[in-house]
S.K.: 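Encoded as structure tokens, here's the structure I'll be asking about.
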Amino acid sequence: MYKLETIISLAKRRGFVFQSSEIYGGLNGCWDMGPLGVELLLNIKDAWWKAMTYREDIEGLDASILMHPRTWDASGHTKQFSDPMIDNKTSKSRQRADNLIEEHIEKLKKKKKFDEADIIQAKLDAVKENTDYYDIIIAHEIKDPVSGSMDWTEVRNFNLMFKTFVGPLEDSSSIVYLRPESAQGIFVNFKNVLETARQKPPFGIAQIGKAFRNEINTKNFLFRTREFEQMEMQYFVKPGSEKDWFEYWKDLRWKWYLSLGMKEEKMRWKLHEKLAHYANMAVDIEYEFPFGFGEIEGIHSRTDFDLRSHQEFSGKKMEYVDTVNQERYIPYVIETSGGVSRGLMAFLCNAYDEETVTDDKGGSETRVVMRFNQKLAPVTVAVFPLVNKDGMPEMAHAIYKDLQKNFKVQYDIAGAIGRRYRRQDEIGTPYCVTIDGQSVEDGTVTVRERDSMKQDRISAVKIKNYIWDRMD
RNA sequence: GCGAAAGUAGCUCAGUCGGUAGAGCGUCAGCUUCCCAAGCUGAAUGUCGCGGGUUCGAAUCCCGUCUUUCGCUCCA
């Protein structure tokens, strides 16, 4: 297991990821994709888009980030997306008020004080205002688990949605939110897509887009950021069939990561024990990062919560009418939701490798190799003239220009050939094409494969097919 | 948000007692080189995170602030 700093350092050194606004000291938890990072990012999104939408039952969508404020009333975010927090003045610890009370109830149950536990539970269920949490905490003398003190502040709300204003007047009537999830853009367009794309359940809508959450704190490089991108697909199914489709998508999404070279031993399923208000089944795919396992994708069975809620709040019917079987229903939804930059970070960690290589003289050194899957590698092929003379640069450059029509290619003439190979290893380029003295005479080149460092001599005109043959 | 640590060249880091900055690697130019980073010559790159204070003088001492890392907390 390599350290996260090692990977961040390489990401910076080679132009994968930079800190946002770095020259001004950076902005907390915001990151920019450099020249190689953006290629990797686009390759991940492209692989996802093709896997999800190049099939008959899924349509694409790109919804606006700003949405009608009522959207968030319907989705539950206005209410549920703000956490009631309470601070302890003695220990300076901050707790979620509702969690604090729930823990207290658990403790009482362990002590077999069921009567008191039930009373508090009933009060907790009836909470309407933040002061209600406070009253429970004071009335039942709930102490700070850190200090044991009861020196609490009032309960305050921490809203995780970014606010901004539409139009020139910054008053409450013009408040809009940056979407905290991209899913709602799909739900509000359910009927539009259903009709214009002439689909019927089971079918899905896929979208890649940014979402924003004003997290209390950001963490672990790209893992938790306030601005992030999601790859989401909402699959609409007939109520009653959701369990089968849930299993279907679990299986497919797991295999998608494997198909891009993710190591299965680094992945695991995490079952949600506490379900969100909208879900009846939920699992995460987790990847083992250097700091531990973390979610990279969630597969959730969202029931008809979202569509039903939008129907209620908007007054527009969200039903599918099956004219053949003469039935109408609000579809159930299976959601697959992956974090793009979390995925990128997982693929970065997954690719990073150091190996010891020995040279002719018996010395040894460390070779840093990013073992990206060929579909994800930021640069697919690099072209080098072996030496900078005898017609080799000219031939190499012509091959470079030709490969550029189909691939992301680098041309490198600087330094010894071994150095150039290593530069490509460090950014994960799967193939290096070298033009040597024989090339100029018979039109063949050597293709060097990144992981094995083995070389094949092939005709220059066959390079593209050579790469494509290995792409699948 | 709390606690702790850190921030000096692109990266990794050194910098003594306070006297206006260095190394290795990398990068760039040229030479050399017929296959795996180590040859030769030369070059560029720093308001020492930012702001203030103390001092004749601050990378160094003090205060504030920002950022990062770790631990809590949080992650419907």
Side-chain angles (χ1 to χ4, degrees), chain A residues 3-6 8-15 18-31 34 72 75-96 98-100 144-147 153 156 158-161 180-181 213-221 223-224 226 272 274-279 282 284 290-291 294-295 300 305 357-361 363 365-368 384-390 392 414-426 432-440 445-446 448 450 453-455 457:
Chain A
K3 286 183 180 168
L4 189 59
E5 297 104 273
T6 312
I8 295 174
S9 170
L10 178 119
K12 172 78 194 297
R13 191 169 72 245
R14 301 315 305 265
F18 307 124
Q19 205 184 351
S20 163
S21 332
E22 193 186 1
I23 61 169
Y24 291 107
L27 182 63
N28 184 302
C30 294
W31 303 89
W72 310 113
S75 70
H77 284 82
T78 315
K79 249 189 199 164
Q80 311 246 4
F81 214 61
S82 65
D83 295 331
M85 307 295 287
I86 189 166
D87 291 311
N88 186 277
K89 293 177 200 160
T90 308
S91 67
K92 313 245 171 168
S93 79
R94 170 166 293 165
Q95 313 273 341
R96 261 185 64 170
D98 49 347
N99 286 358
L100 188 69
D144 175 30
V146 179
S147 65
T153 63
R156 291 172 298 180
F158 283 64
N159 198 307
L160 294 176
M161 284 200 287
E181 64 174 24
R213 292 182 191 184
N214 205 352
E215 300 283 356
I216 293 167
N217 57 3
T218 57
K219 219 175 168 62
N220 291 328
F221 194 36
F223 190 75
R224 177 159 329 132
R226 298 197 170 95
H272 282 216
K274 234 173 110 179
L275 291 169
H277 61 277
Y278 55 74
D284 292 339
F291 53 81
E295 177 193 348
H300 300 159
F305 175 87
V357 290
T358 50
D359 59 30
D360 300 340
K361 296 153 202 151
E365 60 178 348
T366 304
R367 183 172 83 116
V368 174
F384 314 139
L386 183 59
V387 294
N388 193 12
K389 58 180 181 184
D390 300 335
M392 290 176 220
I417 191 74
R419 178 188 300 267
R420 284 178 268 167
Y421 285 143
R422 294 303 164 79
R423 275 201 276 257
Q424 296 301 326
D425 289 341
E426 210 178 32
C432 292
V433 170
T434 302
I435 285 73
D436 58 14
Q438 188 183 332
S439 308
V440 180
V445 298
T446 61
R448 178 253 197 195
R450 177 193 68 206
M453 298 194 279
K454 295 236 169 69
Q455 287 177 293
R457 181 168 285 275

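So that the names make sense, note that chain A is the first sequence line, chain B the second, and so on, each numbered from 1.
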S.K.: Mark up nucleotides 63-70 of chain B, 5' to 3', with B wherever a protein heavy atom is under 4.0 angstrom from a base atom, S wherever such an atom reaches only the sugar-phosphate, and - elsewhere.
M.R.: ---SSSSS
S.K.: Would you sketch RNA chain B in dot-bracket for me? Only Watson-Crick or G-U wobble pairs with both distances under 3.5 Å count, crossing pairs as [ ], other-strand pairs as |, the rest as dots.
M.R.: (((((((..((((.....[..)))).(((((.......))))).....(((((..]....))))))))))))....
S.K.: When the nearest nucleotide of RNA chain B is assigned to I23(A) and to I435(A) on a heavy-atom basis, which residue is associated with the more 5' position?
M.R.: I435(A)
S.K.: What integer distance in Å separates Y421(A):OH from C36(B):P?
M.R.: 8 Å
S.K.: I'd like to check N28(A) versus R226(A) (side-chain heavy atoms, cut-off strictly below 4.5 Å). Are they in contact?
M.R.: yes
S.K.: Return the CD to CZ distance between E426(A) and R14(A), rounded to the nearest 0.5 Å.
M.R.: 5.0 Å
S.K.: Within this structure, what is the CD-to-C1' distance between E295(A) and A76(B), rounded to whole angstrom?
M.R.: 13 Å
S.K.: For atom P, what is the distance between A58(B) and G19(B), given to the nearest Å?
M.R.: 11 Å
S.K.: Mind checking the C1' distance from G51(B) to G7(B)? Whole angstroms is fine.
M.R.: 16 Å
S.K.: Looking at every heavy atom in both S75(A) and F305(A), which two are closest together, and how far apart are they?
M.R.: O-CE2, 3.7 Å
S.K.: With a 4.5 Å limit on heavy-atom distance, are the side chains of F221(A) and W31(A) in contact?
M.R.: yes
S.K.: Between the protein and nucleotides 41-47 of chain B, which nitrogen or oxygen pairs are less than 3.5 angstrom apart?
M.R.:
none

S.K.: Is any side-chain N or O of R224(A) under 3.5 Å from a base N or O of C74(B), one able to act as donor and the other as acceptor?
M.R.: yes
S.K.: What integer number of Å spans the C1' atoms of C25(B) and A38(B)?
M.R.: 11 Å
S.K.: Would you give a per-nucleotide map of nucleotides 25-33 of chain B, 5' to 3', where B means the base has a protein non-hydrogen atom under 4.0 Å away, S means only the sugar-phosphate does, and - means neither?
M.R.: -SS-----B
S.K.: Would you indicate what Q424(A) reaches in the nucleic acid, counting non-hydrogen atoms under 4.0 angstrom: base, sugar-phosphate, or nothing?
M.R.: nothing
S.K.: Give me the atom names and distance for the closest heavy-atom approach of G29(A) to T218(A).
M.R.: CA-OG1, 3.6 Å
S.K.: With a 3.5 Å cut-off and just heavy-atom distances, do the side chain of S9(A) and the base of C11(B) make a donor-acceptor pair?
M.R.: no
S.K.: Using the C1' atom on both, measure C2(B) against U60(B) and round to a whole Å.
M.R.: 29 Å
S.K.: For the pair T434(A) (side chain) and T446(A) (backbone), establish whether a donor and an acceptor sit closer than 3.5 Å, ignoring hydrogens and angles.
M.R.: no
S.K.: For the pair made of CE in M453(A) and C1' in C36(B), what is the distance, rounded to whole Å?
M.R.: 7 Å
S.K.: Please name the pair of heavy atoms, one in R420(A) and one in P385(A), separated by the smallest distance, quoted to 0.1 Å.
M.R.: NH1-O, 2.8 Å
S.K.: What verdict does the side-chain contact (heavy atoms from CB on, under 4.5 Å) test give for R457(A) and Q438(A), after you've listed the backbone C-alpha separation in whole Å, the side-chain angles of each residue and the deciding distance to 0.1 Å?
M.R.: CA-CA 10 Å; R457(A) 181 168 285 275; Q438(A) 188 183 332; 3.3 Å; yes
S.K.: For atom P, what is the distance between U55(B) and U16(B), given to the nearest Å?
M.R.: 23 Å
S.K.: Given the P atoms of G42(B) and C56(B), what is the spacing between them in whole Å?
M.R.: 44 Å
S.K.: Could you state the NZ-P distance from K3(A) to C11(B), rounded to the nearest angstrom?
M.R.: 18 Å
S.K.: Is any side-chain heavy atom of H300(A) closer than 4.5 Å to one of D284(A)?
M.R.: yes
S.K.: Please tell me if the side chains of E181(A) and R213(A) come closer than 4.5 Å, counting only heavy atoms from C-beta onward.
M.R.: yes
S.K.: Quick one: list whatever passes side chain to side chain donor-acceptor pair (under 3.5 Å) with R224(A), sequence neighbours left out.
M.R.: none
S.K.: When you measure from the side chain of R419(A) to the backbone of A414(A), do you find a donor-acceptor pair of N or O atoms at a distance under 3.5 Å?
M.R.: no
S.K.: Under 4.5 Å between any side-chain heavy atoms of C432(A) and M453(A), yes or no?
M.R.: no
S.K.: Does Q438(A) make a side-chain donor-acceptor contact with the base of C34(B), cut-off 3.5 Å?
M.R.: no
S.K.: In whole Å, I'd like the distance from the NZ atom of K12(A) to the C1' atom of A9(B).
M.R.: 11 Å
S.K.: Using whole Å, report how far CG of L10(A) lies from P of A37(B).
M.R.: 18 Å
S.K.: Whole Å only: how far is the NE2 atom of H77(A) from the P atom of A76(B)?
M.R.: 10 Å
S.K.: Base, sugar-phosphate, or nothing for T434(A), non-hydrogen atoms under 4.0 angstrom?
M.R.: base
S.K.: Quantified in whole Å, what is the C1' atom distance between nucleotide G24(B) and nucleotide G30(B)?
M.R.: 23 Å
S.K.: Main chain of M392(A), side chain of D390(A): is a donor-acceptor contact present, judged purely on distance under 3.5 Å?
M.R.: no
S.K.: What distance, rounded to whole Å, do you find between the two P atoms, one in G15(B) and one in A23(B)?
M.R.: 15 Å
S.K.: What is the distance from CG of N214(A) to P of A76(B), rounded to the nearest Å?
M.R.: 15 Å
S.K.: Can you name the side chain to side chain donor-acceptor pair (under 3.5 Å) partners of R367(A), sequence neighbours left out?
M.R.: E355(A), D425(A)
S.K.: Go through it in stages, so that I can follow the logic: the residues are F384(A) and Y421(A), the test is ring-ring contact (aromatic ring centres under 6.0 Å, His included), and I'd like the CA-CA distance, side-chain angles, deciding distance and then a yes or no.
M.R.: CA-CA 9 Å; F384(A) 314 139; Y421(A) 285 143; 5.6 Å; yes
